[in-house]
Amino acid sequence: MGFESLASELELRKQKHLYRRRRLLQSPQGTGVQLDNKHYLAFCNNDYLGLANHPDVVKAFQQATNECGVGGGASHLVNGHHQQHHQLEKELAEFTGRDRVLLFSNGYMANIGAVNALLGKGDLVLEDRLNHASLLDAGLLSGARFQRYQHANNDSLSQFLAKPRPEKNRTLVVTDGVFSMDGDIPPLPELAKSCAEHNAWLMVDDAHGFGTLGKNGGGCVEHFGLGQDDVQVLVGTLGKAFGTAGAFVAGSELLIETLIQNARTYIYTTSMPPAVAAATRVSLKLLQTESWRRERLAELISRFRVGAAQLGYELMDSSSPIQPIIIGSEEKALNLAGWLEEQGVLITAIRPPTVPKGTARLRITLCAEHTEQQVDRLLDLLDQAKSK
Ligand SMILES: *Cc1c(COP(=O)(O)O)cnc(C)c1O
């Protein structure tokens, strides 16, 4: 069989302005990057605190590599569970105020592993309709009955929870902590209350909240003051505000032991390089103690929002560093991103299926290391773009 059907599918994708291309990053990640031999001011990565290339984090990584080598070499359950992993798990448990933490290689695997270790056929998983792809995939893969509820809507969730279910079957409610493409936060205290009333567990993936939300960067659960009895399964990723790589699940002793026994994406994979864990221990310290990075971020977010609103742009209900501008059509979003790029500013156009049809957008993200002048430059370009 030839590949003609693939060729026509790809061609169709191009015509619909949905084709995705990769470009070459030739510098460290940051607010200023070199991409395909050109320098850009970037407003599109998730390195919200500017830790991905922080000298202390880089140094910790280098030192640990000298001491531990590069590869993890085996899975955690064989002999790949390095003391650097173990130490990081303990420090993250203390940071999140949970009994224990389990490290995963990345957020996608953490979500697939956690949901599938907890649920199977006969169970029920309820997901916010705008959840991250990895959460939706996790629910679908589990074989549990899969139901989406209206975005960030506790009434919609409660309606599904109120339907009678067999007592022996489990129910898991799953939501982003900060929505990755919209930047808003669900009403977690209400969701937690509904789950408690209806004997369901709540799982929150706070990939974008850790480091950016909460006084100490503890994310949405710190922001709302929710403990492990309110949010039983808490997921964080390390590739965003932490600036490194990997992910973790935090919760009770019983949850973590269950994951060690049952989570296939934990069991059947090589442990992350120990030096990544060592570097993350340093970035965790910076993230907790250098609260000026969060304050700075808040100032820049506010500056951007005030400026963009004055220009007549409609903003989303977001106080996070994710500040999308909805454009609508894929073609228009691509054209605007292309024009900004010609002016030296990099912002990716996010298109379906990452976001719902008709809501293609510029996903602007701010970083603690942006300057006021850089935010003003972006606003100035957005002003000029209005007449295009
Ligand atoms: C980025 C992201 C993930 C995936 O995490 P990785 O470590 O990059 O695999 C999971 N959930 C959410 C909400 C995310 O934004």
Side-chain angles (χ1 to χ4, degrees), residues 20 22 25 29 44-49 51-52 72 85 88-89 92 96 101-116 125 127-141 148 151-152 172-186 188 191 202-213 219-221 223 231 233-250 263-266 269-273 276-277 279-280 283-284 287 316 318 320-324 348 350 353-356 361 363-367:
R20 299 160 190 259
R22 305 173 310 167
L25 179 65
Q29 195 57 266
C44 54
N45 67 45
N46 301 314
D47 178 28
Y48 304 119
L49 300 179
L51 298 181
H85 300 131
L88 174 59
E89 286 180 345
L92 285 169
T96 54
V101 154
L102 194 69
L103 283 182
F104 284 77
S105 301
N106 57 57
Y108 200 108
M109 301 240 274
N111 286 336
I112 301 280
V115 173
N116 284 271
V125 59
E127 300 220 12
D128 187 294
R129 60 180 290 272
L130 295 188
N131 271 355
H132 189 263
S134 59
L135 294 172
L136 299 173
D137 291 356
L140 290 169
L141 191 65
R148 293 175 209 238
H151 175 55
L172 180 68
V173 173
V174 181
T175 181
D176 280 26
V178 173
F179 283 87
S180 55
M181 296 300 139
D182 294 64
D184 59 338
I185 306 172
L188 284 182
L191 301 187
L202 179 57
M203 169 167 168
V204 175
D205 171 0
D206 206 16
H208 301 273
F210 278 110
T212 66
L213 266 178
C220 60
V221 294
H223 174 77
V231 175
V233 188
L234 178 61
V235 178
T237 67
L238 304 174
K240 285 155 186 162
F242 281 89
T244 59
F248 63 89
V249 178
R264 293 168 66 84
T265 58
Y266 180 76
T269 194
T270 303
S271 64
M272 70 162 71
V276 171
T280 306
S283 80
L284 171 60
L287 176 150
M316 312 275 293
S318 162
S320 75
I322 303 166
Q323 294 293 330
T348 10
I350 306 279
T354 308
V355 293
R361 64 197 67 184
R363 180 177 180 270
I364 295 167
T365 56
L366 294 160
C367 169

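Values below: every heavy atom of this structure, side chains too, minus hydrogens, waters and symmetry copies. As the structure is a prediction and not an experimental result, all values here were calculated from the model. We count ligands from 1, going down the list as the structure has it; atoms in each ligand are counted the same way.
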Donor-acceptor check, side chain of [X] to backbone of [Y], threshold 3.5 angstrom: yes or no?
X	Y	result
D206	G236	no
N111	S134	no
T269	Y266	no
S283	F242	yes
D47	L51	yes
N131	E127	no
H132	S180	no

May I ask you to check if ligand 1 and [X] share an N or O to N or O distance below 3.5 Å?
X	answer
H208	yes
A247	no
Y108	yes

In ligand 1, which numbered atoms sit nearer than 4.0 Å to a non-hydrogen atom of [X]?
X	value
S134	10 (C), 11 (N)
S180	15 (O)
N111	10 (C), 11 (N)

| remark: Closest to atom 13 (C) of ligand 1 among protein heavy atoms sits D205 OD2, 3.3 Å
| message | Starting from atom 6 (P) of ligand 1, what is the nearest protein heavy atom, named by residue and atom, and what distance separates them? | response | G107 N, 3.2 Å
| query | Looking at ligand 1, does K240 have a heavy atom less than 4.0 Å from it? | reply | yes
| Part of N106 within contact of ligand 1 (heavy atoms, under 4.0 Å) | both
